[in-house]
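Residues take their numbers from the sequence shown, with the count starting at 1.
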Amino acid sequence: MNELTEISTENPVSGADALLRAIIAEGVDTVFGYPGGQILPVYDALYDYTDSLRHILVRHEQGAIHAAEGYARATGRVGVVIVTSGPGAANVITGLSDAMMDSTPLVVITGQVGAQYLGSDAFQETDVIGITQPITKWSLQVRHAEDINNAVARAFFIARSGRPGPVVLDIARDAQIGQVQTPYSKISYIRSYNPNPRINEECLHSAAKLINEAARPLILAGQGVTISGAEKALCDFAEKASIPVASTLLGLSAMPSGHPLYKGMLGMHGNIGPNYNTNRADLIIGIGMRFDDRVTGVASKYAPDAKIVHIDIDSSEFDKVVASTVAVHGDAVRVLEGLLPLIEPASDRHEWLASFDACRNVEVREVYSRELHREGDEPMTMGEVVAAVSSATGHDAIAVTDVGQNQMMSARYFQFKNPRSFISSGGLGTMGFGLPAAIGAKIGRTDRTVVCFVGDGGFQMTVQELGTIMEYGIAVKIVIMNNNFLGNVRQWQNLFYHRRFSQTPLLNPDFRTLASAYGIPAEDVKTRTELPGAIDRMLSDSGAYILNVDIDPADMVFPMTPAGKPVDTIMLSPDKLFDSSML
């Protein structure tokens, strides 16, 4: 173990040493990575820092970056990744794009060939900066050891401030082996970069006026609420004004599921009430969300009678999809705290709130009863499995999902008591995200139960990370919802492609046998009578555990707003649309 002596002209250290010291100075205690030729100086230096910095050796670089995403989303801290050049760097590209779309703070360090070889197509050289600039918040190639400290300080400040995101430092071998003679210093300011904009008081008062005048307002809570730490401010604001709240996919758990003003999830597979009433609201208040197409449906027919108050720390999101009546540029918690004294208590929104309950009654009758209340020998549904696991955890676990039907069913049927309890790939929709992200989430939050819901297709995309679980004893609970299909694609083929199931059936391995090869207990769950006991055994086990659950291959996720349709065009089943006469 290196003693962290002060760096000076008398006590210089290598660039690799300086890099690790800088990471530690930023409060990092865990990094995810995979060694290789052009990052070997850093890994050699790491040998002396194992008491200060825990390195998680994944089985693939994509696993490293998704694990870092899960860690960051579960903790609110910056996730750190270290990989080599060429294929190592290229293997994190999917995760960088995923983190950029979902505002996940990462610092990704890639090795690079020596500066004298740059541009020569040297062995394992890749233009990392050229590739990553469009999908990162900032990227920089470091060619000289003396530039490492400043680069790291900027990287962490940029990654975690404002709207968070991924940063790449591509460090040439010269910089890793060169000498550093100056100590590390954090920064909190970069000229021309303003991550904490001053809130315009006029905009704040204009927004408050619209809110006070609205008869049918609706709050749309995005992940920006969680990133900002604005969960309490959101509840205080909604309660004072008696405004119903709906969440985006990544906004789930920002408000407890059981809160009387929480009305469910928005979007393509969201709840009927929020989607239907979006187009009946006279005011939409979007907080820390970007009005993406999965929320709006066809944008030209979105909320036709509503004025829009858009609150976001990223001004580039204003008017990008939906035109704002008032745009309030600022951090969500500061904006909500500024609005609270300007808002008048409302007591005349009972009818508006009741309209959400009427929609929920339709959903219970037309969807929940079909998904959650099958009996006897009927095949199991994903919804009933998710609901059963949620109940067994007391609705107090972190749910990490892969992408597809398993994701949508988890979002619909898992319930939440605490913030940062739902982790999923939102904007990019990355299959293979779930398993490594759950590993990272559990490493970051050892105090909480972490359950990974994953389809049989997505599980096999990063299945090698079972080796990471085995090596480090990571107690993540894995529920494979196995329908022997790429289920979400199958659903679209069923509904919109004349049931032509092209390349979606899967021939799967014996997952229980596969788990045993990694020393992980596993059970096959074939009937609903077996399900409660299997869930209890999984949750009571102190380590990792896998349930391979047989799911009805014909099961589909409803409600559904078809792509290109207004958000209030809601399918309840393949042959039934929601109609206001049902209310």
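- In this model, a donor atom of one side chain and an acceptor atom of the other lie less than 3.5 Å apart for Asp98 and Thr430.
- Scanning for side chain to side chain contact (heavy atoms under 4.5 Å, CB included) contacts around Ala332 gives Ser228, Ala230, Ile287, with sequence neighbours left out.
- The side-chain hydrogen bond (donor to acceptor under 3.5 Å, both in side chains) search around Asp552 returns Arg374, not counting sequence neighbours.
- Shown here are the side chain to side chain contact (heavy atoms under 4.5 Å, CB included) partners of Ile131, two or more places apart in sequence or in another chain: Ile93, Thr126.
- Looking at heavy atoms from C-beta onward, Thr136 lies out of side-chain contact with Val167 at the 4.5 angstrom threshold.
- Atom NZ of Lys565 has 12 or fewer heavy atoms from other residues, nucleotides or ligands within 6.0 Å.
- For the 3.5 Å distance criterion, the side chains of Glu465 and His66 fail to qualify, holding no donor opposite an acceptor.
- Scored by the salt bridge (Lys or Arg N to Asp or Glu O under 4.0 Å) test, Lys263 finds Asp357 as partners (sequence neighbours excluded).
- Atom CG of Asn196 sits about 5.5 Å away from atom CD1 of Ile313, to the nearest 0.5 Å.
- Between Val321 and Arg290, the closest side-chain pair of non-hydrogen atoms is not below 4.5 Å.
- For Glu363 and Arg360, the salt-bridge test fails: no basic side-chain N is under 4.0 Å from an acidic carboxylate O.
- More than 12 heavy atoms of other residues, nucleotides or ligands sit less than 6.0 Å from atom NZ of Lys137.
- Contact check on Arg73 versus Glu69 returns no salt bridge, with no Lys/Arg side-chain nitrogen under 4.0 Å from an Asp/Glu carboxylate oxygen.
- Counting heavy atoms from C-beta on, the side chains of Ile211 and Ile243 come closer than 4.5 Å.
- Here salt bridge (charged side-chain N to carboxylate O under 4.0 Å, His left out) pairs that include residues 448-463, with residues two or more places apart or in two chains, are Asp396-Arg448.
- Relative ring orientation between Trp492 and Phe496 is described as perpendicular, the plane-to-plane angle rising above 60° on a 0-90° scale split at 30° and 60°.
- Side-chain contact, Ser421 with Ser253: no donor N or O sits under 3.5 Å from an acceptor N or O.
- Shown here are the salt bridge (Lys or Arg N to Asp or Glu O under 4.0 Å) partners of Arg294, two or more places apart in sequence or in another chain: there are none.
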For this session: Applying side-chain contact (heavy atoms from CB on, under 4.5 Å), run through Ile199 and Leu204 and close with a yes or a no.
Result: CA-CA 8 Å; Ile199 299 169; Leu204 209 61; 4.0 Å; yes

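- Gln405 is listed as a side-chain neighbour of Gln491, based on a closest heavy-atom distance under 4.5 Å.
- Taking the six-membered ring for Trp and the full ring otherwise, the centers of Phe558 and His269 sit at least 6.0 Å from each other.
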Side chains of residues 100-108: which donor-acceptor pairs under 3.5 Å do they make with residues two or more places apart or in other chains?
residue : atom : partner : partner atom : Å
Asp102  : OD1  : Gly427  : N            : 2.9
Asp102  : OD2  : Gly426  : N            : 2.8
Ser103  : OG   : Arg163  : NE           : 2.8

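- Residues Ile398 and Val451 are not in side-chain contact: their nearest non-hydrogen atoms beyond the backbone lie 4.5 Å or more apart.
- Under the rule for a salt bridge (Lys or Arg N to Asp or Glu O under 4.0 Å), Arg216 has no partner lying at least two apart in sequence or in another chain.
- Considering only residues two or more places apart in sequence or on other chains, Glu371 meets the side chain to side chain contact (heavy atoms under 4.5 Å, CB included) condition with Thr381, Met409, Tyr413, Asp555.
- Partners of Glu366 under the side-chain hydrogen bond (donor to acceptor under 3.5 Å, both in side chains) rule, at least two apart in sequence or in another chain, are Lys576.
- Rounding to the nearest 0.5 angstrom, the gap separating the OG1 atom in Thr248 from the CG atom in Leu252 is 7.0 Å.
- Among residues at least two apart or in separate chains, side chain to side chain donor-acceptor pair (under 3.5 Å) pairs with a member in residues 275-288 are Tyr276-Arg280, Asn277-Ser355, Asn279-Asp568, Arg280-Asp568.
- The line from CG of Leu336 to CD1 of Ile219 is 7.5 Å long, rounded to the nearest 0.5 Å.
- Residues passing the side chain to side chain contact (heavy atoms under 4.5 Å, CB included) test with Leu531 are Met380, Val385, Ala388, Val525, Ile535, sequence neighbours excluded.
- Between Asp236 and Lys232 a salt bridge is recorded (basic side-chain N to carboxylate O distance below 4.0 Å).
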